[in-house]
Each structure stands twice: as structure tokens, then as C-alpha cells.
Amino acid sequence: MHRIECSRSYADQILAMYNDVIKTSTAMFETHERNQAYMSTWFDAKEQSGYPVIGLVDDQDVLLAFGTYGSFRSSSGYLYTIEHSIHVRKEHRGKGLGKIILTALIEKAIEQQYHCMVGAIDSENTASIHLHEKTGFESIGVVKEAGYKFGTWRSLVLMQLLFPIPEKPKGI
């Protein structure tokens, strides 16, 4: 297994993972599958903002897991806060790949001088909540019935991890 920065050459594999999550889980409250045009725009946004897309591939270059982050909110006051997401191919869940990706995202966020990383996790996804707790995140609240998927209201656990204050804060 190898850790990589995912380029656009992985767009089809990322798209397949996203669409599987959309169809089969509550890791995302999205209900409509994504397409190639979405992925092109998605990569444009990641590249323009300098947000990483970190992946784990096997020896055949199959993407097993990936993670990324983006802005938490668009207002300039949130410049130092990001929200992350991690997705692991269904047949590789529970093998520690999520922890590898999360650790890499944390390292990159510190390197890029962010101060706060937020995760929004389905309240019934105890494995993800536990992973975040083990990695130092703390639960900061629950947004009750924030989404609706598979015929039921879904709640989000908000978790955050604070990093050192940036050495040279950017002017706003």
C-alpha cells in the first residue's frame, strides 16, 4: 500500500467511491449520484484552493481510500478552519486505512497553517466517531435531524481538532 496525492487520473475511482457511499451509506447525506462534470469542477476547486486529496493505493494502483478537506464556511473569518472527509472502499473498511488518511490530512493542515479541523459525522457512525476521538478530536455538539436519507432523519455529531495558532496569520 502506498500513500499518494491523488491527481485527476484518480477521478473515476473517487467518483465510484463517492457514488457507492451515496447509494449505500449515511456517511454522506447526499442522495443524488455525482458525475464526471462534478468531478472536474471538484478537482478545479481543490487545485485552486491548494486543498490536498490524499489517497492510499495498492500495488495495482487501485484506490483503497482517500481523504480531503475544504473550507468550513466561505466567509473570510473562517479562513483558518477546514472541514474534512474520508472515504474507504467498502471491502477495506475496518483495516485502519481511515486512520492513515486522517493522520495525513492533519499533518497537511498543520503544514498549511490551518488552526481548526472540523468533521461532521452521522451520529450512528460509531466507528468514525471513535476514530476521531482516538486521533484527538473532541465532540462539540450534535445537529439533530440535520439530514434526511433512506426514509429517516439523520443527526450529525460535530467534532473538532485544534492545531497550533498559525505562525504568520494571513491578513483579512
Side-chain angles (χ1 to χ4, degrees), residues 1-47 51-72 82-109 117-139 142-161:
M1 183 172 37
H2 313 283
R3 187 174 117 182
I4 60 163
E5 280 278 336
C6 291
S7 65
R8 289 176 187 265
S9 65
Y10 290 92
D12 288 344
Q13 293 187 66
I14 291 171
L15 179 63
M17 288 175 71
Y18 267 143
N19 285 337
D20 180 63
V21 168
I22 290 167
K23 290 186 291 189
T24 65
S25 85
T26 57
M28 296 169 58
F29 292 171
E30 179 68 45
T31 58
H32 296 91
E33 290 184 48
R34 297 176 175 181
N35 59 31
Q36 292 294 335
Y38 173 89
M39 288 310 300
S40 180
T41 302
W42 186 83
F43 267 105
D44 288 346
K46 296 294 178 191
E47 291 166 0
Y51 296 135
V53 181
I54 298 171
L56 295 173
V57 295
D58 66 12
D59 290 336
Q60 287 74 44
D61 205 35
V62 173
L63 187 64
L64 307 177
F66 78 94
T68 188
Y69 52 74
S71 64
F72 174 66
I82 50 177
E83 182 176 357
H84 72 286
S85 63
I86 299 168
H87 299 285
V88 178
R89 193 179 289 272
K90 190 183 312 185
E91 60 272 20
H92 293 281
R93 293 180 189 148
K95 298 179 181 179
L97 304 185
K99 183 176 182 179
I100 295 169
I101 295 289
L102 182 55
T103 300
L105 290 174
I106 291 168
E107 290 169 0
K108 188 68 174 178
M117 180 179 277
V118 175
I121 305 166
D122 182 286
S123 63
E124 293 182 15
N125 188 345
T126 56
S128 184
I129 292 168
H130 184 65
L131 165 64
H132 283 78
E133 288 171 342
K134 287 192 324 188
T135 313
F137 281 75
E138 64 177 312
S139 177
V142 175
V143 183
K144 295 178 182 176
E145 300 180 2
Y148 188 80
K149 189 168 182 182
F150 302 138
T152 187
W153 290 102
R154 313 298 311 176
S155 297
L156 284 175
V157 173
L158 295 179
M159 301 191 80
Q160 88 176 134
L161 180 63

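Just so it is clear, the model here is predicted, and its values are computed rather than measured.
Between Ser71 and Tyr51 the shortest side-chain heavy-atom distance falls below 4.5 Å. Here the side chains of Lys95 and Leu64 are not in contact, with every heavy-atom distance at 4.5 Å or above. With contacts defined as side-chain heavy-atom distances shorter than 4.5 Å, the pair Ile82/Leu105 does not qualify. Contact annotation: the side chain of Tyr10 never approaches that of Val53 to less than 4.5 Å [non-hydrogen atoms, C-beta and beyond]. Residues His92 and Leu56 form no side-chain contact, since every pair of their non-hydrogen atoms from C-beta on lies 4.5 Å or further apart. Counting heavy atoms from C-beta outward, Leu15 and Trp42 have side chains that stay 4.5 Å or more apart. Taking the side chain as every heavy atom from C-beta outward, Asn125 and Thr26 never approach each other to under 4.5 Å. In this structure the side chain of Thr68 never reaches within 4.5 angstrom of the side chain of His87, judged on heavy atoms.
Summarising the local packing, NE2 of His2 is surrounded by more than 12 heavy atoms from other residues, nucleotides or ligands at distances under 6.0 Å. More than 12 non-hydrogen atoms from other residues, nucleotides or ligands lie less than 6.0 angstrom from NZ of Lys46.
When the options Val157, Ile121, Ile129 are evaluated for a side-chain contact (heavy atoms from CB on, under 4.5 Å) with Ser139, the one that passes is Val157.
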For Arg34 and Asn19: C-alpha separation, side-chain torsions, deciding distance, then whether side chain to side chain contact (heavy atoms under 4.5 Å, CB included) applies. CA-CA 6 Å; Arg34 297 176 175 181; Asn19 285 337; 3.8 Å; yes
Can Asp122 and Phe29 be said to form a side chain to side chain contact (heavy atoms under 4.5 Å, CB included), step by step? CA-CA 9 Å; Asp122 182 286; Phe29 292 171; 3.4 Å; yes
Evaluate the criterion side chain to side chain contact (heavy atoms under 4.5 Å, CB included) for residue pair Gln36 and Asp12; output intermediate values, then yes/no. CA-CA 8 Å; Gln36 292 294 335; Asp12 288 344; 2.7 Å; yes
For His84 and His132, run side chain to side chain contact (heavy atoms under 4.5 Å, CB included): C-alpha distance rounded to whole Å, both residues' side-chain angles, the deciding distance at 0.1 Å, then the answer. CA-CA 11 Å; His84 72 286; His132 283 78; 2.7 Å; yes
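Under a 3.5 Å cut-off, the side chain of Lys149 and the backbone N or O of Ala27 do not form any donor-acceptor pair. Proximity of a side-chain donor or acceptor of Arg154 to a complementary backbone N or O of Gly147 within less than 3.5 Å is not detected.
Taking the six-membered ring for Trp and thresholds of 30 and 60 degrees, Tyr18 and Phe66 have ring planes more than 60 degrees apart, a perpendicular arrangement.
Atom CD of Glu47 is separated from atom CZ of Arg8 by 4.0 Å, given to the nearest 0.5 angstrom.
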